[in-house]
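Single-structure report; data block below.
It should be emphasised that the depicted structure is a prediction, and the values quoted were computed from it without experimental measurement. Chain A is the first sequence line, chain B the second, and so forth, proteins listed ahead of strands; every chain is numbered from 1.
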Amino acid sequence: MPDKIDYASVLNPAQLEAVTTLEGPVLVIAGAGSGKTRTLIYRVARLVETGVDPESILLLTFTRKASQEMLERAAGLADPRCRFVSGGTFHSLAHRVLRGHAERIGYDNAFIILDRSDMEEIIHSLVPELRMPKGTPRFPKRSTLANILSKAANLQVPLEPFMASEYAQFIEFVGPIETLDALYARYKKLNQMMDYDDLIINFRRLLEENEDIRHDLGLRYLYIMVDEYQDTNAIQADIVKWLGQGHRNVMAVGDDCQAIYSFRGADYRNMFEFPERFPNARVLKLEENYRSTQPILTFTNALMAPALEQYTKCLYTKREGGEPPKVVDTRTEPEQALYVARRIKDEMGRGRPITDFAVLFRAGYHSFELEAELTRQGMPYVKYGGFKFLESAHIKDFLAHLRVLASRDDAVSWVRILRLIKNVGRARTHAVIQWLKESRAPLQQVDQWPGAGKRLSGFKPLAELFSSLSAKGVTPKAAADQVMAYYVPFLEARFDDHPRRRKELDQLITMAGRYKKLRGFLDDLTLEPPASSKDLGAGDAGETLTLSTVHSAKGLEWPVVFIIWVMEGRFPPGHAFNDPMSLEEERRLMYVAATRAKDRLIMCYPGQEFVPSWSSCGSGAGHRNGLSSFIRGIPPDVLSHEAAGARFGETITEPWQGGHAGVRGGAEPGAGDLASGDRVRHPAFGPGVISRFIGDDKVEVFFRNAGRKLLHLEYTTLEKM
DNA sequence: CATCACGCTGTTTTT
DNA sequence: CAGCGTGATG
């Protein structure tokens, strides 16, 4: 057992208070890089140290990776028993509980979980039932339909008003989409399926309606911690409320400035409602930053200063020195790729390892050009986010064969399986699925399928596969091996790069070897999927550069961070980007990206207005590249502005021309009664005037340098002047 | 009935 | 680029 921890020597006072306040509700408002993870780790250690059973501690995070890493660290530094803390995502907890009590909400305990692509395919397959007149123009495509239904479900709002405000371009289709929603719900119920949203919604319902389950869970999880609380939605907040209702030992940790999941219904206002849900909650703020240099923090403070609505803190560091971040106009995308690659090579020449760098961007496809350049230069990289590893065709094909073993009538998987076979198209696929449903015959009777025999010799290998798989007690590993043997010919015929894909499938099989039950393997893949092929573990790719979407980079840090930014200016009418709130999310996204940097931050953007390639440009009209207004307004002493052409051996530095925006440093917090018209000073935003009160806990203030703000008095320090 | 060539269209991020 | 629907061809 390691030595007893001297908490006061490893934590700052705010962190210490968070760690040692074990009983009762606590809200921790934790700025980026403020040692939030560290605090959670020590708190887990502390709880275990005081004799709390690790299994009765629940740590809810947004990714399983995050919770695993946290618990590993806690186990390493304090008590190995920390490994047994119950950790996971809302979805995995919901799954665990629902598996035991599905009958309470009218489901079978063997229900199937649908991932996003399953959801899309089912929705797509239901569209014909809407009987839309042929050639209906611009009916949303399946991914859009899934987005609409999913978000409305998460926000718990009726489709009509929701679409009117967020999908105005499709409002003409509300009727059909409402029907589709009902069809989809019926289909799921009929086939014992739950999608991600259902897991959460049904979990809440289970808690709401069943006092005994609430009671049991209350005893099971005596201490609850929720990380990234700003990214929870209203339903998840309810779940936390129900789980913590009895003992009230709930700690929520989050940062409203890092709220970047509103697209799936998350609402950072949950943070400010926490004290209402848990009266007398202790509110703690972590404001000291341990990650970045002061110039980087000065920039991020300036970035957030004009944000329309925010409530919290002001970051500072004791770290000395550092260079101001830089924004570079690279003119075009190819030049941007060249610029980033060369800068990294330069720095590596000066002795930095490649693992010191990360390149971040908003959307997966924003890195295409860079990936091409890195490949040309032979620079190894791993990309996180964007395209899903599990959504690539070969993985889906492969898993489909396993999935029908676990759930025989999984129509989505059957479509994949059957379409591989020559001379099987829509009609025959449909016939076979229908037959399977009605006959209830064992799978290996493939030769009786409609259309089998005669010309369709393609069914034979499939028959053999299923007859060997139907043997009793086939392990997931054995099943996967056999599917592999069957699938390889298709793989080789279909993909030029089959060797690479085969390796990935081999890794998947290795993973299957860790499971006793096929269902468990498939569920884990759905709920806690590997983020990239590298995450599968086997055969580490070695020293590589990291490319990542901002969403996937959350919680991580690197010494040198490059951000490539494409501000897309032209979208269809009614598009969300016309909405100021979306722009605000874009701002927070930029904030999350920038606060990943420890020492150096370089942002670049292809400034040329219209680029005729799809990676940055849309149909005909073209997308407008360039800096968002909230970057453009930042003065050169905070963010140095630069332009670089292709031959930036001759870097052109242009004088900065822009407006002004300001964040000036802080005064000490003060107290006193406030009223409309009062002149006040905010530590980050400087002098301002209170324009009005909203309720009695919010004020609207006009700051001379930072414009209009909505401030929560409870979380803000305003000094009367 | 399956397949293929062609033209059209276009937000994104994840559990 | 890529996913989708359409209409001609085998």
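The CD1-P distance, from A:I421 to B:dT3, rounds to 11 Å in whole Å. Rounded to an integer number of Å, the gap from A:H366 NE2 to B:dT12 C1' is 8 Å. For the pair A:W565 CH2 and B:dT12 C1', the interatomic distance rounds to 11 Å; values are reported in whole Å. Across the protein-nucleic acid pair, A:H551 atom NE2 and B:dT15 atom P stand 10 Å apart, rounded to whole Å. For A:R494 and B:dT3, the CZ to P distance is 12 Å, given to the nearest whole Å. The nearest whole Å value for the distance from the CG atom in A:D118 to the P atom in B:dT15 is 15 Å. In this structure, the CG atom of A:N147 is 10 Å from the P atom of B:dT13, given to the nearest Å. Spacing between atom CG of A:L145 and atom C1' of C:dC4 amounts to 13 Å, rounded to whole angstrom units.
As judged by a 4.0 angstrom heavy-atom cut-off over every strand, A:H430 is placed among residues making no nucleic acid contact. Residue A:S552 is in sugar-phosphate contact alone, with no base atom involved, counting any heavy-atom pair closer than 4.0 Å across all strands shown. Using a 4.0 Å heavy-atom criterion, one finds that A:R116 contacts the bases of the nucleic acid, with or without backbone contacts as well. Within 4.0 Å (heavy atoms only), A:Y261 reaches sugar-phosphate atoms of the nucleic acid but no base atom.
Below the 3.5 angstrom threshold, one finds no donor paired with an acceptor across the side chain of A:R362 and the base of B:dT13.
In this structure, a donor-acceptor pair under 3.5 Å is present between the side chains of A:Q156 and A:R204. At a cut-off of 3.5 Å, with distance as the only test, no side-chain donor of A:N202 or A:Y107 sits close to an acceptor on the other residue.
The same atom, C1', is picked in C:dC4 and in B:dT13; the two are 23 Å apart, to the nearest Å.
Mapping A:A363 and A:H91 onto DNA chain B by nearest heavy atom places A:A363 at the nucleotide closer to the 5' end. Mapping A:S143 and A:S150 onto DNA chain B via the closest heavy atom, the residue that lands nearer the 5' end is A:S143.
Shown here are the salt bridge (Lys or Arg N to Asp or Glu O under 4.0 Å) partners of A:R596, two or more places apart in sequence or in another chain: there are none. Considering only residues two or more places apart in sequence or on other chains, A:E72 meets the salt bridge (Lys or Arg N to Asp or Glu O under 4.0 Å) condition with A:R83.
In terms of phosphate contacts, A:R428 brings a side-chain nitrogen or oxygen within less than 4.0 Å of OP1 or OP2 of B:dA2.
Nearest to the side-chain atoms of A:Y196 among the listed nucleotides C:dG5, B:dT15, B:dT13 stands B:dT15. In the set B:dC1, B:dT14, B:dT13, the nucleotide with an atom closest to the side chain of A:E585 is B:dT13.
By the neighbour-count criterion of 12 heavy atoms within 6.0 Å, atom CZ of A:R426 is sparsely surrounded, having that number or fewer from other residues, nucleotides or ligands.
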